[in-house]
Amino acid sequence: MTTTTVDFASVFEIAQAVFAAMVDGDEGLLVPRDDVGAAIADPMVAWVNVHGPYPGRTALTTSSATAYTLVRALLDVPADTPMAQADIVDAFGEIANVVGGNVKSLLPGKGTLGLPHVGSSLPPTLDALVVVAPLAWRGEPLDIAVWFTQERGEEE
């Protein structure tokens with residue numbers, strides 16, 4: 001699918017498919033929520049930058065506790081099993097990488113993804129916010145945001 005339309009519906013469809021395939025095995029555990037712009041306490045953010053004709057960024061934001069639960073579900077690690085922080089960061093970044101790669105696939109032209117990053121907040125961006133998809137995974141807030149730069153990048 002190639003389009004220049006990145007909206008709530010397309011981001012939600014991508015996220016639902018990624019979470020069903022990678023995490024839950026069921027599309028019903030990631031759903032839209034109504035509280036657009038609500039602050040997420042103790043956030044953990046994973047993002048990936050897109051380079052090419054439509055440069056930008058895709059980011060997932062949730063609470064640290066939800067990110068840990070999400071990673072445990074992804075890796076099928078029981079709640080009582082210790083996990084290294086590096087493993088949590090890598091796995092949460094990989095989810096952002098897959099979601100970001102699927103968002104990139106909606107765009108015309110070739111582009112590349114940067115390496116995923118994880119932190120407690122996003123670095124500043126000069127990009128224009130395109131969409132924020134306020135979702136809930138297993139009842140916990142999880143936002144997916146997509147930005148594109150206002151000027152088109154170089155063809156790759």
For the [atom1] atom of [X] and the [atom2] atom of [Y], what is their distance to the nearest 0.5 Å?
X	Y	atom1	atom2	result
Asp24	Leu29	CG	CG	4.5 Å
Leu74	Thr69	CG	OG1	12.5 Å
Thr61	Leu122	OG1	CG	5.5 Å

Of all heavy-atom pairs between [X] and [Y], which one has the smallest distance, and what is that distance?
X	Y	result
Pro123	Arg57	O-NH1, 3.3 Å
Gly111	Pro53	CA-CD, 4.3 Å
Arg33	Asp143	NH1-OD1, 2.7 Å
Ala96	Trp47	CB-N, 4.0 Å
Val6	Val130	O-CG1, 3.3 Å
Val131	Phe8	CG2-N, 3.5 Å

Beyond-backbone contact of [X] with [Y], side-chain heavy atoms, under 4.5 angstrom:
X	Y	answer
Met44	Tyr68	yes
Val118	Val45	no
Leu129	Phe148	no
Phe92	Thr62	yes
Thr58	Lys104	no
Val77	Met83	yes
Phe12	Leu135	yes
Ile95	Phe19	yes

In terms of hydrophobic clusters joined by side-chain contacts under 4.5 Å, are [X] and [Y] together?
X	Y	value
Leu113	Ile14	no
Met22	Leu30	yes
Val50	Trp147	no
Val48	Val71	no

**Message:** Tell me whether Asp34 at atom CG has more than 12 heavy atoms from other residues, nucleotides or ligands lying less than 6.0 Å away.
**Reply:** no

**Item:** Side-chain donor-acceptor contact under 3.5 Å, Ser63 with Thr66
**Value:** yes

**Asked** If we ignore angles and hydrogens, is there a donor and acceptor under 3.5 Å between the side chains of Ser105 and Asn102?
**Response** no

**Request:** Please confirm whether the backbone N or O of Ser10 pairs with a side-chain atom of Asp7, one donor and one acceptor, at under 3.5 Å?
**Result:** yes

**Request:** Please determine if Asp80 and Arg72 form a salt bridge, counting it only when a charged side-chain N lies under 4.0 Å from a carboxylate O.
**Result:** no

**Message:** Among Leu70, Asp76, Leu75, exactly one meets side-chain contact (heavy atoms from CB on, under 4.5 Å) together with Val23. Which residue is that?
**Reply:** Leu70

